[in-house]
Participant: 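So that we are looking at the same thing, I have put the structure below in structure tokens.
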Amino acid sequence: MTPQFLFFCLAIVAITAALGMLIARSPVSSALWLILNLFCVAGLYLTMNAQFLAVVQVLVYAGAIMVLFLFVIMLLNVAALPSVRDIDWRLGVGFVLGVALLAQLSYAIASSTDLMPAEVSLESTVATGSVEVVAKELFTRFAMPLEMIGVLLLAATIGAVLLARRVSPK
Amino acid sequence: MEIPVDWYLALSAILFLLGVIGVLFRRNVIIILMSIELMLNAVNISLVALSQATGDVSGQILVFFVMSVAAAEAAVGLAIVIAIFRNKLSVDVNDFNLFKH
């Protein structure tokens, strides 16, 4: 199995899962499609030799964040939408905006690839994403942002608890 | 046998576009939040691809921070959704017109 074949398989499954998330009628199926997409992205990280990020992706995204989403969906007991929906003007406006954004991104990618060194390939930087390399950078050059992330997560936890708290009637 | 960086960037653009379409089309606020997660993931793919192509590990550190902020954003966003659902009994963004009146 060549790396290209692996990439194409993962990319096709990732795009299919993203489409499935968009067109699923039930929020629970949407969340499950997104979990499949996140696993494919973790596989793509592995093809780029970013092992640490692949593990963190599965743990944090597919593990923690999506479980949180599923909890909230089931807690709120949101009913699935009816399968037939009226197509209004929003669909046309959104389609035009989406195509414009895709054209913009394609142009940006097509016109900026010559900025990169052409001789550097993914194979030449095999050990870049290993745990040792990432940890060394994270705890030396990026130690201060790491501490800030800790403060941010604490603030987010307190904020989430305060926001979701039921206000008792006096 | 290596994979060109352009392929990763193209895949990243497509996934980002699908996230934008989700934010624009869907009216369930939870699915809008999930589309935002999809867009963050698309950007992460391009960050890792460019980090590998240039041999600089800083891009991967940035992806790590993006994941942390995404976790915080999901927690606070879902707490806000729960708080609004208590008042409105709905997750449809068309019903969220608190600032309109």
Side-chain angles (χ1 to χ4, degrees), chain A residues 2-4 7 11 14-15 18-19 21-22 27 30-31 34 37-38 41 44-45 47-50 53 56 60-61 64-65 68-69 72-73 76 78 90-91 94 97-98 101-102 105-106 109 113 116 120-123 125 128-129 133-134 137-138 142 145 149 152-153 156-157 159-160 163-164, chain B residues 1-3 5-22 24-26 28 30-31 33-35 37-38 41 44-45 48-58 60-61 63-65 67-76 78-83 85-86 91:
Chain A
T2 65
Q4 280 95 345
F7 171 83
I15 292 173
L19 278 173
M21 189 202 81
L22 287 187
S30 275
L34 184 57
N37 181 39
L38 296 176
V41 173
L44 285 169
Y45 288 164
T47 66
M48 290 184 273
N49 292 315
L53 284 180
V56 169
V60 174
Y61 261 117
I65 296 183
L68 193 62
F69 270 99
V72 170
I73 290 169
L76 299 185
V78 183
R90 261 176 290 234
L91 206 59
L97 286 176
L101 185 67
L102 181 62
L105 285 174
S106 315
I109 292 172
T113 43
M116 281 186 298
V120 179
S121 66
L122 292 187
E123 297 265 319
T125 56
T128 301
V133 179
V134 174
E137 286 285 311
L138 203 55
F142 297 93
I149 284 293
L152 173 75
L153 286 175
T157 311
L163 280 171
Chain B
M1 298 295 275
E2 82 231 14
I3 306 171
V5 184
D6 305 1
W7 294 6
Y8 286 106
L9 295 182
L11 175 67
S12 166
I14 292 171
L15 287 180
F16 190 88
L17 181 75
L18 289 174
V20 171
I21 290 173
L24 290 175
F25 278 0
R26 299 303 302 258
N28 188 333
I30 298 176
I31 295 181
L33 279 176
M34 286 199 277
S35 301
E37 301 290 332
L38 186 63
N41 264 280
N44 283 351
I45 291 176
V48 175
L50 290 173
S51 152
Q52 289 295 102
T54 55
D56 187 1
V57 81
S58 308
Q60 300 194 14
I61 308 284
V63 170
F64 179 74
F65 288 145
M67 282 180 186
S68 314
V69 175
E73 170 249 327
V76 174
L78 288 172
I80 292 174
V81 169
I82 289 176
F85 186 80
R86 279 221 184 93
V91 288

Participant: Could you check which of A/A11, A/A64, A/S106 has the highest count of heavy-atom pairs closer than 4.5 Å to chain B?
Facilitator: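 Option with the top pair count is A/A11.
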
Participant: Please work out whether the ring planes of A/F7 and B/W7 are parallel, tilted or perpendicular, with thresholds of 30° and 60°.
Facilitator: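 It falls in the tilted class, 30° to 60°.
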
Participant: Please look at A/A50 and chain B and tell me whether the side chain, the backbone, both or neither of the residue comes under 4.5 angstrom of a heavy atom of that chain.
Facilitator: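 It is both, since atoms from each part get that close.
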
Participant: So, do A/L22 and B/F25 sit near enough that their side-chain heavy atoms are less than 4.5 Å apart?
Facilitator: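 They are not in contact (no side-chain heavy atoms under 4.5 Å apart), so the answer is no.
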
Participant: Of the backbone (N, CA, C, O) and the side chain (C-beta and beyond), which part of B/V76 lies under 4.5 Å from a heavy atom of chain A, both, or neither?
Facilitator: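 Contact with chain A: backbone and side chain both.
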
Participant: Identify which part of A/I65 has an atom lying under 4.5 Å from any heavy atom of chain B, answering side chain, backbone, both or neither.
Facilitator: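 Contact with chain B involves the side chain of A/I65 alone.
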
Participant: Please classify the contact of B/S35 with chain A as side chain, backbone, both or neither, using a heavy-atom distance under 4.5 Å.
Facilitator: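 Answer is both: backbone and side chain atoms of B/S35 are under 4.5 Å from chain A.
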
Participant: Return the set of residues passing side chain to side chain contact (heavy atoms under 4.5 Å, CB included) with A/I149 (not counting sequence neighbours), or none when no residue passes.
Facilitator: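 Only A/L152, A/L153, B/F65, B/S68, B/V69 meet the side chain to side chain contact (heavy atoms under 4.5 Å, CB included) criterion with A/I149.
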
Participant: Taking B/L78, B/V63, B/V81, B/I21 one by one, which has the highest count of heavy-atom pairs under 4.5 Å against chain A?
Facilitator: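 The residue among B/L78, B/V63, B/V81, B/I21 with the greatest pair count is B/L78.
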
Participant: Of the backbone (N, CA, C, O) and the side chain (C-beta and beyond), which part of B/L15 lies under 4.5 Å from a heavy atom of chain A, both, or neither?
Facilitator: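 Just the side chain, heavy atoms under 4.5 Å.
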
Participant: If every non-hydrogen atom of B/A75 is compared with every non-hydrogen atom of A/A160, which pair is closest and at what distance?
Facilitator: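 The pair with the smallest heavy-atom distance is O-CB, 3.8 Å.
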
Participant: Rounded to the nearest 0.5 Å, how far does CG of A/L101 lie from CZ of B/F16?
Facilitator: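 One gets 6.0 Å once the value is rounded to the nearest 0.5 Å.
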
Participant: Return the option, out of A/G159, A/P145, A/A14, with the maximum number of heavy-atom pairs under 4.5 Å with chain B.
Facilitator: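 Most heavy-atom pairs within the cutoff with chain B belong to A/P145.
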
Participant: Step by step, work out the side chain to side chain contact (heavy atoms under 4.5 Å, CB included) result for A/L38 and B/N41.
Facilitator: CA-CA 8 Å; A/L38 296 176; B/N41 264 280; 3.0 Å; yes

Participant: Need one label for B/A70: side chain, backbone, both or neither, based on atoms under 4.5 Å from any heavy atom in chain A.
Facilitator: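 Both backbone and side chain.
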
Participant: Checking B/V48 against chain A: side chain, backbone, both or neither under 4.5 Å from a heavy atom?
Facilitator: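 Both backbone and side chain.
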
Participant: Side chain, backbone, both or neither: which part of A/L34 has an atom under 4.5 Å from a heavy atom of chain B?
Facilitator: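 Looking at A/L34, just its side chain touches chain B.
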
Participant: Report the distance from atom CD of B/Q60 to atom CE of A/M48, rounding to the nearest 0.5 Å.
Facilitator: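 Output value for this atom pair is 8.5 Å.
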
Participant: With rounding to the nearest 0.5 angstrom, report the CG to CD1 distance, A/L76 to B/I82.
Facilitator: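 Taking CG in A/L76 and CD1 in B/I82, the distance rounds to 6.0 Å.
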
Participant: Measuring heavy-atom distances to chain B, does A/L105 have an atom under 4.5 Å in its side chain, in its backbone, in both, or in neither?
Facilitator: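 The side chain, not the backbone.
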
Participant: Determine, stepwise, if the pair B/L38 / A/N37 fulfils side chain to side chain contact (heavy atoms under 4.5 Å, CB included).
Facilitator: CA-CA 8 Å; B/L38 186 63; A/N37 181 39; 2.6 Å; yes

Participant: What heavy-atom pair brings A/P27 and B/I31 nearest, and what distance separates the two atoms?
Facilitator: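 That would be CA-CD1, 4.3 Å.
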
Participant: Based on non-hydrogen pairs under 4.5 Å, which of A/V60, A/L53, A/V72, A/V41 is most in contact with chain B?
Facilitator: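 Ranked by contacts with chain B, first place is A/L53.
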
Participant: To the nearest 0.5 Å, how far apart are CD1 in A/I15 and CD1 in B/I14?
Facilitator: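 These two atoms lie 4.0 Å from each other.
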
Participant: For A/E137, check salt bridge (charged side-chain N to carboxylate O under 4.0 Å, His left out) against everything at least two apart and list the hits.
Facilitator: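 Checked A/E137 against salt bridge (charged side-chain N to carboxylate O under 4.0 Å, His left out); matches are A/R141.
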
Participant: With only heavy atoms counted, which part of B/F85 is less than 4.5 Å from chain A, the side chain, the backbone, both or neither?
Facilitator: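 Contact with chain A involves the side chain of B/F85 alone.
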
Participant: For A/Y45, is it the side chain, the backbone, both or neither that has a heavy atom under 4.5 Å from a heavy atom of chain B?
Facilitator: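 For A/Y45, the contact with chain B is made by the side chain alone.
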
Participant: With respect to chain B, which residue among A/G98, A/A164, A/A31 yields the maximal number of heavy-atom pairs within a distance under 4.5 Å?
Facilitator: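 Ranked by heavy-atom pairs under 4.5 Å with chain B, first place is A/A164.
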
Participant: Could you tell me which portion of B/L18 (side chain, backbone, both or neither) has an atom closer than 4.5 angstrom to a non-hydrogen atom of chain A?
Facilitator: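 Both the backbone and the side chain of B/L18 come within 4.5 Å of chain A.
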
Participant: To the nearest 0.5 Å, how far apart are CD1 in A/I73 and CE in B/M34?
Facilitator: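 Result: 4.5 Å between the selected atoms.
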
Participant: Using non-hydrogen atoms and a 4.5 Å limit, figure out which bit of A/F69 sits close to chain B: side chain, backbone, both or neither.
Facilitator: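 Contact with chain B is through both the backbone and side chain of A/F69.
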
